[in-house]
Amino acid sequence: MPIAQDPLSVEVTLPREDVALVTVEGYLDVDTATEFQHHLANQLHHGRRHFLLDLSEVPFMDSSGMNIILRVYQEARELPGSVHIISPTPAVRRILDLTGVSITVPVSDSVDEALERVDRLQAAPAEPEA
């Protein structure tokens, strides 16, 4: 039985009460996506509304990882909240760009830049329901 080449490591820190910084390290694929999803669901359960996903140490991500990012994006928007991707590796950035995920989910170069985007969202007036 093969052993996972690069197991997933997920660390969650709270830069603010309603903001979860989720630092992911390793391959984000069909074998590891469930663990990633559990961490995000736990943070939603604990009232986090904004998610900063640091993907700077993710050398590979498949559609399983992208689907989870899009799912948490949808859930966060309903709160209302937000999801921000931070410093994806070139290979992950290419996938995000090719699939259009980077158009939907903002990509930042740093945690500070993502927090500034959260601040701007919170300061903006709410959009009326269509």
Side-chain angles (χ1 to χ4, degrees):
M1 181 190 291
I3 296 173
Q5 292 178 348
D6 197 359
L8 191 70
S9 167
V10 179
E11 180 181 323
V12 178
T13 55
L14 305 175
R16 298 183 187 161
E17 180 63 29
D18 64 344
V19 178
L21 171 58
V22 182
T23 304
V24 185
E25 191 174 322
Y27 284 61
L28 188 49
D29 57 22
V30 68
D31 294 328
T32 60
T34 303
E35 179 181 350
F36 180 50
Q37 182 176 3
H38 286 301
H39 284 281
L40 295 173
N42 184 44
Q43 292 307 308
L44 278 167
H45 176 76
H46 284 91
R48 310 297 176 244
R49 295 179 28 229
H50 302 281
F51 295 83
L52 313 181
L53 309 178
D54 182 343
L55 303 182
S56 62
E57 297 296 323
V58 177
F60 174 81
M61 179 175 68
D62 69 8
S63 61
S64 303
M66 284 187 301
N67 287 335
I68 290 168
I69 291 170
L70 290 172
R71 193 173 311 138
V72 76
Y73 172 81
Q74 288 296 331
E75 291 181 39
R77 280 194 57 182
E78 292 171 9
L79 292 174
S82 61
V83 174
H84 306 267
I85 296 171
I86 300 171
S87 300
T89 56
V92 171
R93 178 64 192 241
R94 185 166 189 267
I95 295 295
L96 295 170
D97 289 346
L98 287 172
T99 59
V101 173
S102 61
I103 295 169
T104 305
V105 182
V107 178
S108 299
D109 291 330
S110 67
V111 172
D112 289 338
E113 181 183 333
L115 285 170
E116 286 173 14
R117 288 180 175 203
V118 169
D119 291 342
R120 283 194 300 256
L121 284 172
Q122 291 178 329
E127 295 180 22
E129 293 291 322

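Through direct or relayed side-chain contacts under 4.5 Å between Ile, Leu, Val, Met, Phe, Trp and Tyr, I103 connects to no other residue.
Residue H39 forms a side chain to side chain contact (heavy atoms under 4.5 Å, CB included) with just one option from V24, V72, V10, and that option is V10. For the side chain to side chain contact (heavy atoms under 4.5 Å, CB included) criterion with I85, the lone passing option out of L55, L52, V92 is L55.
Side-chain atoms of H46 come within 3.5 Å of backbone N or O of N42 as a donor-acceptor pair.
Nearest heavy atoms, D29 versus S64: C-CB, 3.9 Å. Of all non-hydrogen atoms in P59 and A91, the two that sit nearest each other are O-CB, 3.7 Å. Shortest non-hydrogen contact noted between V107 and P88 is CG1-CD, 3.6 Å. Taking each heavy atom of L14 and A20 in turn, the nearest pair found is CD2-CA, 4.0 Å.
Here R94 pairs with nothing under the side chain to side chain donor-acceptor pair (under 3.5 Å) rule; sequence neighbours left out. A search for side chain to side chain donor-acceptor pair (under 3.5 Å) contacts involving H50 returns S82, Q122, not counting sequence neighbours. Scanning for side-chain contact (heavy atoms from CB on, under 4.5 Å) contacts around I95 gives M66, T99, with sequence neighbours left out. Residues passing the salt bridge (Lys or Arg N to Asp or Glu O under 4.0 Å) test with D62: none are found, sequence neighbours excluded. With sequence neighbours excluded, the residues satisfying salt bridge (Lys or Arg N to Asp or Glu O under 4.0 Å) with E17 are R48. Take R93 and apply the salt bridge (Lys or Arg N to Asp or Glu O under 4.0 Å) test, not counting sequence neighbours, and it matches D97. Shown here are the side chain to side chain donor-acceptor pair (under 3.5 Å) partners of H38, two or more places apart in sequence or in another chain: there are none. Partners of D31 by salt bridge (Lys or Arg N to Asp or Glu O under 4.0 Å), not counting sequence neighbours: none found. Among residues two or more places apart in sequence or in another chain, the side-chain contact (heavy atoms from CB on, under 4.5 Å) test is passed with S56 by D54, S87.
A continuous path of Ile, Leu, Val, Met, Phe, Trp and Tyr side chains, each step under 4.5 Å between heavy atoms, connects L79 with V83, placing both in one hydrophobic cluster. Under the 4.5 Å side-chain contact rule for hydrophobic residues, L8 and V12 share a cluster. Tracing side-chain contacts under 4.5 Å through hydrophobic residues (I, L, V, M, F, W, Y), one never reaches V111 starting from V105; they form parts of separate clusters. By the criterion of side-chain heavy atoms lying less than 4.5 angstrom apart, applied directly or through intervening Ile, Leu, Val, Met, Phe, Trp or Tyr residues, V19 is not grouped with L121; the two fall into different hydrophobic clusters. Residue V118 is not grouped with residue L53 when hydrophobic side chains (ILVMFWY) are merged at heavy-atom distances under 4.5 angstrom, including chains of intermediate members.
Sequence neighbours left out, not one pair with a member in residues 104-116 passes side-chain hydrogen bond (donor to acceptor under 3.5 Å, both in side chains). For residues 52-80, every residue pair satisfying the ring pair (Phe, Tyr, Trp, His ring centres under 6.0 Å) rule, not counting sequence neighbours, is listed here: Y27-F60.
Rounded to the nearest 0.5 angstrom, L96 CG and M61 CE are separated by 4.0 Å. Atom CG of L44 and atom CZ of R71 lie 11.5 Å apart (nearest 0.5 Å). Note: R16 CZ to L21 CG = 11.5 Å, rounded to the nearest 0.5 Å.
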